[in-house]
Number of protein chains: 2
Amino acid sequence: MIDPAEATVDGRPTPTLEEVAREAGVSRSTVSRVINDLPGVSARAREAVNRAIERLRYVPNEAARSLVTRRTNSIALVVSEPGDRVFGDPFFAGVLRGIHAGLAGSKRQLVLMLAGDDAGDEGEALENYLCSGHVDGALVVSMHGSDPLPGRLATAGVPVVAGGRPLGGAGVPYVDADNFTGGLLAARHLVSGGRRRIATIAGPEDMAVGIDRLVGWRRGLSEADLPTDAVVHSDFSVDGGAAAMAELLRRHPGIDGVFAAADIIAVGALRELTRQGRRVPEDVAVVGFDDSVFATSVTPALTTVRQPVEEFGRTLTWRLLAQLAGERHLPPSILLPTELVVRGSA
Amino acid sequence: MIDPAEATVDGRPTPTLEEVAREAGVSRSTVSRVINDLPGVSARAREAVNRAIERLRYVPNEAARSLVTRRTNSIALVVSEPGDRVFGDPFFAGVLRGIHAGLAGSKRQLVLMLAGDDAGDEGEALENYLCSGHVDGALVVSMHGSDPLPGRLATAGVPVVAGGRPLGGAGVPYVDADNFTGGLLAARHLVSGGRRRIATIAGPEDMAVGIDRLVGWRRGLSEADLPTDAVVHSDFSVDGGAAAMAELLRRHPGIDGVFAAADIIAVGALRELTRQGRRVPEDVAVVGFDDSVFATSVTPALTTVRQPVEEFGRTLTWRLLAQLAGERHLPPSILLPTELVVRGSA
DNA sequence: CCAACTATTGGGAGCGCTCTCACCCTTCGA
DNA sequence: TCGAAGGGTGAGAGCGCTCCCAATAGTTGG
């Protein structure tokens, strides 16, 4: 334990508002006004205070501040995922980067919270925590099924924005990529490449991202009067993608095109196709989704649907900050464009 | 803005200690004792309090608490990186997962902080922030050069553990993988495979992780009296790896083995080798480092040095928590074992 | 010259919690 | 029977800050 006579930079005790005030020859109130950039302070006083702050290396005590203002200057990033996957996914990484970029200059901290496994006891604890004013707002990403959390938070008055369309449909604002159009573009590309027996390795059935891409793909095939029955679901992993590809080949040996709902899945599919001696793209064309680092790290490079991951994160943050700032008439949901990137695999 | 008459779960105002006390028919002190699990409370009172807490859905106000205890129940994860890379790196992802796992059950929150670009103004702000008791401790990872931050924090009395050996050498405790041995194992494997003209694509020159692996590789070649001059540095990216490989082939066309300081670099190297018509492993053997998802997503699968990423994160957290708990005689540094995983590329 | 303002400032009351200390009420040994 | 020794409890004083309100100084108009 640290000595109660708390030490800070070069061993002096942490200065308080009071001490800054004394040093500057003004009152606490004035210092507070300067710190919070409130009007009604003479230039002279303001300058004296700033000098004192500089000299004492004063940093406001966030705890004291948030005790009275009931703001915490921190927002939570809640990841509704068994925790095991999430990180490691280039998509999530990009989003995180975007979130951070969006937060820069806002003086707010990012608190990372993994909503462990299924609801259970921990889920309730998390909800209570978030609802009790420990964060100013929350970003909820990677939801499965109709996760009640975002809705509950919103109901409790905690500003929340979902990353990815919430399945429950609760009136929670969200930001998402245009997954439907992405799936549609992928399907159309395969069709226009002359493929006739087109399958898809869809994402998890309980996530909007999986569903929307699948629906887009279906539409693309239907437009061309092609069958849409070659569907297998997979989680977002290489091995999952490989297993799904194997299953697909078993059920529909005549496949000549595959749309994988994520690059990482496509990588697995590619591996399985190669293993079984099918050439890509000659025998089977493969289209991925994400345009992540995986897309260009395999041979042949993946034709894939690009989604603006970093913008995704930035937009998410922006939306929440705007809400926190009390802005009105914010769009309830924002869809970011997706586009096809053609490379060697299809 | 939210109505000052703050609302929480189902719209009731946030309950305070006082109200719980009233509800339970005891005093604030007793409730506080129950919450903090302190002795000296009769079973009857304890139960009454717990019931009241349950009924009111009471959650302690962290701000008020930390104002008086001077603990925040949160620790910072400081990533000293231009922010652009970091995430997206499966290594970092794994560490993050480990950190989170290590934190589970400790009631502490993880606050993510990116130490933007070079020191500058922002660097000082970050340092002040961390030194002013806003977090109980800090984990600093991905340091470049002789980053002064960890040393400064330690001096200021902020418990800190570095992830990766700090180059400055400041007496900051750290956790790291045994990179030297990893490099050594990689080199020996290439040598024992009959390779005679062995190169390396080392990591950044200003990071311990890059240096240590390089030194290990050198030792491995020296043992076999092989030259150690074929060295090119690269950042941790596919494109960087490809460029480095191209450079290497230009300078040393006779290369028959390459040790890449990271799988992601190896992926780039593989791409360039393929592009130039060299077969792997027939013409050139490639060994990576990390045993990340990339290792098995390319063809041929990478022979690589595995480091226990998740354990890395867990150990980091454990070490910091132990320090926070006031444990004495903690090891100043911890080296985690690395091992060779043989696959197709070498 | 005074009332009526406005610009600037300081004082004080908490925010919700922890923690020390004094005060019970038992129980027990002498 | 009384004093000592505790276990259990509650009152009170802040932690460092914000924010309301009153006070003061400086202007202006009538």
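Since we're looking at a predicted model, the values are computed, not measured. Naming: A, B, ... by sequence-line order, numbering from 1 per chain.
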Measure the distance from [atom1] on [X] to [atom2] on [N] and round it to the nearest whole Å.
X	N	atom1	atom2	result
B:R46	D:dG7	CZ	P	15 Å
A:L17	D:dC15	CG	P	13 Å
B:R28	D:dT9	CZ	C1'	13 Å
B:N73	C:dC17	CG	P	14 Å
A:R71	D:dG16	CZ	P	20 Å
B:L67	D:dC15	CG	C1'	4 Å
A:I35	D:dG16	CD1	C1'	11 Å
B:R44	D:dG7	CZ	P	19 Å

Heavy-atom closest pair, residues [X] and [Y]:
X	Y	value
B:L56	B:P15	O-CG, 3.5 Å
B:L149	B:D147	N-OD1, 2.8 Å
B:L77	B:F92	CD2-CZ, 4.3 Å
B:T317	B:I99	OG1-CA, 3.2 Å

Worksheet item: Taking the side chain of A:V41 as heavy atoms from C-beta outward, which of C:dT9, C:dT18, D:dC17 is closest to it?
Response: C:dT9

Discussion item. As a test of reading the structure: which of D:dC17, D:dG10, C:dC17 is closest to the side chain of B:N61, going by heavy atoms?
Written reply: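 Comparing D:dC17, D:dG10, C:dC17 against the side chain of B:N61, the answer is C:dC17.
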
Report yes if a side-chain nitrogen or oxygen of [X] is closer than 4.0 Å to either non-bridging phosphate oxygen (OP1 or OP2) of [N]; otherwise report no.
X	N	value
A:N36	D:dT18	yes
B:S27	D:dG10	yes
A:S42	C:dT9	yes
B:R70	D:dG16	yes

Practice prompt. Report yes or no: is there a donor-acceptor pair, N or O only, under 3.5 Å between the side chain of A:R33 and the base of C:dG10?
Written response: yes

Discussion item. Distance criterion of 3.5 Å, no angle test: do you see the side chain of B:T30 paired donor-to-acceptor with the base of D:dG10?
Written reply: no

Discussion item. Please identify which of these residues, A:E62, A:K107, A:Q109, meets the side-chain hydrogen bond (donor to acceptor under 3.5 Å, both in side chains) condition with A:N73.
Written reply: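 The side-chain hydrogen bond (donor to acceptor under 3.5 Å, both in side chains) with A:N73 is passed solely by A:E62 among A:E62, A:K107, A:Q109.
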
Worksheet entry | Residue whose closest nucleotide on DNA chain D lies nearer the 5' end, B:A64 versus B:V26 | B:V26

Within the structure shown, what part of the strands sits under 4.0 Å from [X] by heavy-atom distance: base, sugar-phosphate, or nothing?
X	answer
B:P60	sugar-phosphate
A:S29	base
B:A63	nothing

